[in-house]
2 protein chains.
Amino acid sequence: MSAPINVSTQIAYPEGARRSNQSDALFDMLTSAIMAGRIRPGEKLNEPALADEFGVSRAPVREALRRLQEKGLVTHVAHQGVRVISPTLEDFLSLLDVREALEGMACRLAATAMTDVEFEKLAAIVERHGEGLHSDPEGPYVQNDFDNDFHVRIAMGCRNPVLTGLLCEQFYPRLKLCRSRHGLLKGRGLAAWKEHRRILAALVERDGDVAEILMRRHIRAAREALLATGPS
Amino acid sequence: MSAPINVSTQIAYPEGARRSNQSDALFDMLTSAIMAGRIRPGEKLNEPALADEFGVSRAPVREALRRLQEKGLVTHVAHQGVRVISPTLEDFLSLLDVREALEGMACRLAATAMTDVEFEKLAAIVERHGEGLHSDPEGPYVQNDFDNDFHVRIAMGCRNPVLTGLLCEQFYPRLKLCRSRHGLLKGRGLAAWKEHRRILAALVERDGDVAEILMRRHIRAAREALLATGPS
DNA sequence: GTTTTCGTTATTGTCGACACATTGCAGAGA
DNA sequence: TCTCTGCAATGTGTCGACAATAACGAAAAC
């Protein structure tokens, strides 16, 4: 038996986020716990144990775990329980290939779909990123605030609900997990910022073709940086 | 109360497909029933009613329904039950935009990842498609056999599990539903075949760049054909 | 020391029941 | 005739329990 995870005491309930049902609450809790590293990759999530810990029956736990699985944050092998995924470098690379395709398209669509107000907001994000670089120009590009992230904004600006959902709900959480496992890309900070700036410029020009190309190149650069440092 | 669906009597059990647990069996049944149109778009799937009809408790039904929801085949609004989605033209178009991005990437990757044997198999599929055109050159491109479909083969040949999973499990079923609702693209049959042939040629040349471009153009052509006939 | 067999345990699927929320209907009142 | 209120029906989340299956570990046989 694995050691008790005891997540409940470590998670501050996001105030408004308390949903009506236990299954949702559990899902939110586990999601943030995994993403924050409070539950480590490879760690086991025991259905009865979690039910016991949270004082609920197995049903809501079961559902929350299944949803985590759909989200790609945990794996479930029969009769061996569910574990937090510990993505390999290959998994990471696969994810980035698909991400290149998806965000490229998102960028193309966003070029015509986003409003000028949204572009201003995006510009502000890029600006703040630039200011942050002064402290550590060689550091990685850190995504600290989901709603104010460059990529997230574009994903939400493309006005394609399928695409937005895929990126925000499936890909970004998994990518974050991959990053926390394989390390951020040091030295990419400044380069990433410059690339963001060029993407923004193309968007403002409403040039979808160029915006897509630049975004794809941007993600491929990150992928290649990973490939260079990864297998070490 | 909606009329009883009575799916069980209409579905021939796919012989080997009987899984160990009821939830899986139910999921398979409902999936094929929806895709075959035995359960129509907009139709309600009643949890207790299905449980009763199949002689199981609500638990496995519940799980099967949730998985259908993940797959994007049904929607679930609180206290109103779950219904088979009836995709709008906009939904269809959104799906096709994302599909363009995904299959484009799949094609690019497949150009280097697929084996010569797989290419031969793919060529055979294209050839058979061409022979089928003799009977109705203006007809639509029909995908009658999932495992022997041109696009499916490429999706499986790209060697990117994330991409393959997305396409085969999420997109193709939803696309099929969209097609059955909005009609197939008449007159695209011959054009589609020619495009397939060119894509195949690029793949065989192992030219990922061109293969991607051709595939994207192929899907965009289908999208525009839909746009032209759709709003009528 | 290695392999096999057996018992234990963990995981999982399923069940039937209950309680609560919401919806929609129906009847009362204006 | 329209509106409001209360009730019934439906949908839904949750519970505790049981049984079956497969993995794990220990003891026995080779």
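Below, chain A is the first sequence line, B the second, and so on; all start at residue 1.
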In whole angstrom, what separates [X]'s [atom1] from [N]'s [atom2]?
X        : N       : atom1 : atom2 : result
Phe54(A) : dG16(D) : CZ    : C1'   : 20 Å
Leu26(B) : dT14(C) : CG    : C1'   : 12 Å
Glu63(B) : dT14(D) : CD    : P     : 15 Å
Arg66(A) : dT11(C) : CZ    : P     : 16 Å
Arg58(A) : dG13(C) : CZ    : C1'   : 8 Å
Leu65(B) : dG13(D) : CG    : P     : 11 Å
Gln22(A) : dC20(C) : CD    : P     : 13 Å
Asn21(A) : dC15(D) : CG    : C1'   : 15 Å

Side-chain donor or acceptor of Arg153(B) paired with backbone N/O of Leu122(B) under 3.5 Å
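Not confirmed, Arg153(B) side chain does not pair with Leu122(B) backbone.
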Mark yes or no for whether Gln170(A), through its side chain, and Glu70(A), through its backbone, hold a donor-acceptor pair below 3.5 Å.
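Such a contact is found between Gln170(A) side chain and Glu70(A) backbone.
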Report yes if at least one side-chain N or O of Lys44(A) is closer than 4.0 Å to OP1 or OP2 of dA10(C); otherwise report no.
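For Lys44(A), the contact criterion (side-chain N or O under 4.0 Å from OP1 or OP2 of dA10(C)) is not met.
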Within less than 4.0 Å of OP1 or OP2 of dT10(D), is there a side-chain N or O belonging to Asn46(B)?
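No, Asn46(B) has no side-chain N/O under 4.0 Å of OP1/OP2 on dT10(D).
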Once you measure the plane-to-plane angle for His151(B) and His196(B), does it fall in the parallel (<30°), tilted (30-60°) or perpendicular (>60°) bin?
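Aromatic pair His151(B)/His196(B) classed perpendicular.
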Rounded (10°) bend between the five-pair end axes of the helix from dG1(C)-dC30(D) to dA30(C)-dT1(D):
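Comparing the first five pairs with the last five, the axes sit 10° apart.
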Does any donor atom in the side chain of Ser94(B) or Asp91(B) lie under 3.5 Å from an acceptor atom in the other side chain?
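Note: Ser94(B) and Asp91(B) side chains miss the donor-acceptor criterion.
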Could you check whether atom CE of Met156(A) has more than 12 heavy atoms from other residues, nucleotides or ligands sitting under 6.0 Å from it?
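Not more than 12 within 6.0 Å, no.
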Is the NZ or CZ atom of Arg99(B) both under 6.0 Å from the centre of the six-membered ring of Phe171(B) and within 45° of that ring's axis?
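Pair Arg99(B)/Phe171(B) does not count as cation-pi.
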Quick one: side chain to side chain donor-acceptor pair (under 3.5 Å) pairs with a partner in residues 159-169 of chain A, sequence neighbours left out?
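Checked against side chain to side chain donor-acceptor pair (under 3.5 Å) - neighbours excluded - the pairs reaching residues 159-169 of chain A are Glu118(A)-Arg159(A).
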May I ask you to list the residues of residues 72-85 of chain A, by number, that have any heavy atom positioned under 4.0 Å from an atom of DNA chain C?
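Those residues are His76(A), Val77(A), His79(A), Gly81(A).
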Using a strict cut-off of less than 4.0 Å between a Lys/Arg side-chain nitrogen and an Asp/Glu carboxylate oxygen, indicate whether Glu63(A) and Arg66(B) qualify as a salt bridge.
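The answer is yes: the pair qualifies as a salt bridge.
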Side chains of Glu43(B) and Ile39(B): does their closest heavy-atom pair fall under 4.5 Å?
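When only atoms from C-beta onward are counted, Ile39(B) and Glu43(B) do touch, with a gap below 4.5 Å.
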